[in-house]
Amino acid sequence: MDVPGVKRVTGRVAVALTLAVAALSVGVGILGIVNPTANFGPFAQHIPPAISQTAGFTGSLTGFLMVMSAFGLRRGLRVAWYSTMVLLPVTAGQGLVQATPYSVPLVVLSVVAFPVLAVARSRFDEPISLSTSQLAAGGALAGVQAYGTIGTYALRGERGFTGVNTMLDAFYYTLVTSSTVGYGDLTPTTQEARLFSLSVLVLGTASFAVALGALLGPALEARFASALGRMTQSDLESLDGHVVVAGYGDLTEPILTELAASGRQFLVVARGGTDTSELRDRDIDVLAGDPADEKVLERAGVERARAVVAATNDDGEDALAILTVTEAFPDVRVVAAATEQENEPKLRRAGANTVISPMVIGGRLLARSALGDDQAEQDAADVVDEV
């Protein structure tokens, strides 16, 4: 197997193991909360029930964080790889502390997943991309929580919050106030504290609203895109081992039919217009854009593709697309179709690994079949074998 293929398989195994560890961490954590008695393993007699129950609660939280990391790994994010490498030892330690028979698979999978993630390091090299609005929303939310926590702690005791003794108490009050939950177990007792609480309430609800809008906006956009038959950025980033068809024309149609019949995932990159609309209506994955644009090809995941096919009716456009692919992604196999026989060497010089002229092949088949003898039929079969 080629090295890129090994990387793809290792990456998929790493994602699957991470999801399995996440599911086990959540499940074992919930069981640990329900039944905190540590009665299994060499450390069971040394672990108090309170510690085991705490490990169960934190294990559930760690499991949800692992789920987020797994989705990040699926997109090839570098930060997700780092977070998973940090969380795996944590899940293994929590499994040991919980000391139940159910935690054994959690510890084993966490230990197994660690070297697999380490080997697949090069598979996860995509930088995280956040929009300006998302960064601003996250910064505003964190800033308001910090402001509320520090202010509440400063006003603890007789200055305004008699129930606040620690920074955790202060953060708890800030969170339930800014999220408008307001349990009422902590309340301001002085005028200064009430005014401060009003500021936390106004700023907190505003920051929560902005953050939710920034986070839910892309999700709603993705939902509308899916309803309209368009691929979302997440869909594009999940493509792996697929075939990219650069451009669309009469020659492309039988290629799409063959790819669909083979079950291989493929993506058509074509200029926007009637062609892309018709392809979407046929449930064919299509990305509207110039096939000779490097940024468009990056969005199409060419670096993760099995091959690129350039077969439109315009050999000039095909040559531009081939040049872009071979210069930006030299390791990707490129197959091209030449409308004119004299353009075959030009497409090869552009960087295509294989160039086929459908007109030449079709003419040879027709001529030899027309001869009508057994040798001609055999020659026609040989041509088919060459194809």
Side-chain angles (χ1 to χ4, degrees), residues 14-74 77 79-118 124 128 138 141-142 144-146 148-150 152-153 163-179 181 183 185-186 204 208 211 215:
V15 174
L17 284 174
T18 303
L19 282 172
V21 172
L24 282 173
S25 184
V26 173
V28 174
I30 293 174
L31 289 174
I33 295 173
V34 175
N35 183 18
T37 303
N39 55 10
F40 184 82
F43 307 106
Q45 58 182 345
H46 306 293
I47 302 173
I51 299 298
S52 179
Q53 189 172 23
T54 302
F57 175 72
T58 57
S60 298
L61 292 179
T62 305
F64 286 113
L65 292 176
M66 287 285 286
V67 171
M68 297 174 61
S69 294
F71 282 108
L73 290 175
R74 190 167 178 264
L77 296 179
V79 67
W81 183 86
Y82 283 114
S83 65
T84 306
M85 294 295 283
V86 171
L87 290 172
L88 283 174
V90 175
T91 57
Q94 289 169 336
L96 289 173
V97 171
Q98 291 178 70
T100 65
Y102 307 105
S103 62
V104 174
L106 174 62
V107 175
V108 172
L109 272 184
S110 298
V111 172
V112 171
F114 195 87
V116 174
L117 262 295
F124 309 104
I128 188 170
L141 185 60
V144 170
Q145 297 306 303
T149 301
I150 295 171
T152 303
Y153 186 74
V164 174
N165 299 310
T166 64
M167 288 294 288
L168 181 60
D169 294 335
F171 176 71
Y172 168 78
Y173 172 77
T174 303
L175 187 61
V176 298
T177 301
S178 57
S179 62
V181 174
Y183 292 117
D185 49 347
L186 293 175
F208 264 101
L215 294 174

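Both backbone and side-chain heavy atoms feed into the values below; hydrogens, waters and symmetry mates do not.
Residues Gln145 and Ser178 share a closest heavy-atom pair of NE2-OG, 3.1 Å. Nearest heavy atom pair, residue Gly95 against residue Ser103, reads O-OG, 3.0 Å. The nearest pair of heavy atoms linking Tyr172 to Asp185 is OH-OD2, 2.8 Å. Shown here for Gly72 and Ala80, the closest heavy-atom pair between the two residues is C-CB, 3.5 Å.
Expressed to the nearest 0.5 Å, how far CG of Leu87 lies from CG of Leu117 amounts to 10.5 Å. Taking CZ of Phe64 as the reference point, atom OG of Ser69 lies at 13.5 Å (rounded to 0.5 Å). To the nearest 0.5 Å, atom CG of residue Leu73 and atom CH2 of residue Trp81 are 10.0 Å apart. Distance check, rounded to the nearest 0.5 Å: CG of Asn165 to OH of Tyr153 gives 9.0 Å.
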Which side-chain N or O atoms in residues 15-22 pair as donor and acceptor under 3.5 Å with protein atoms at least two apart or in another chain?
from: Thr18; atom 1: OG1; to: Ala14; atom 2: O; distance (Å): 2.8

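Among the candidates Asp169, Thr177, Thr174, the single residue satisfying the side-chain contact (heavy atoms from CB on, under 4.5 Å) test with Thr152 is Thr174. Applying the side-chain contact (heavy atoms from CB on, under 4.5 Å) test between Thr91 and each of Val111, Thr62, Thr84, Leu109 identifies Thr62 as the sole match.
The neighbour count for Phe71 CZ, taken as heavy atoms of other residues, nucleotides or ligands under 6.0 Å away, does not exceed 12. Enclosure of atom CE in Met167 by more than 12 non-hydrogen atoms of other residues, nucleotides or ligands within 6.0 angstrom is indicated.
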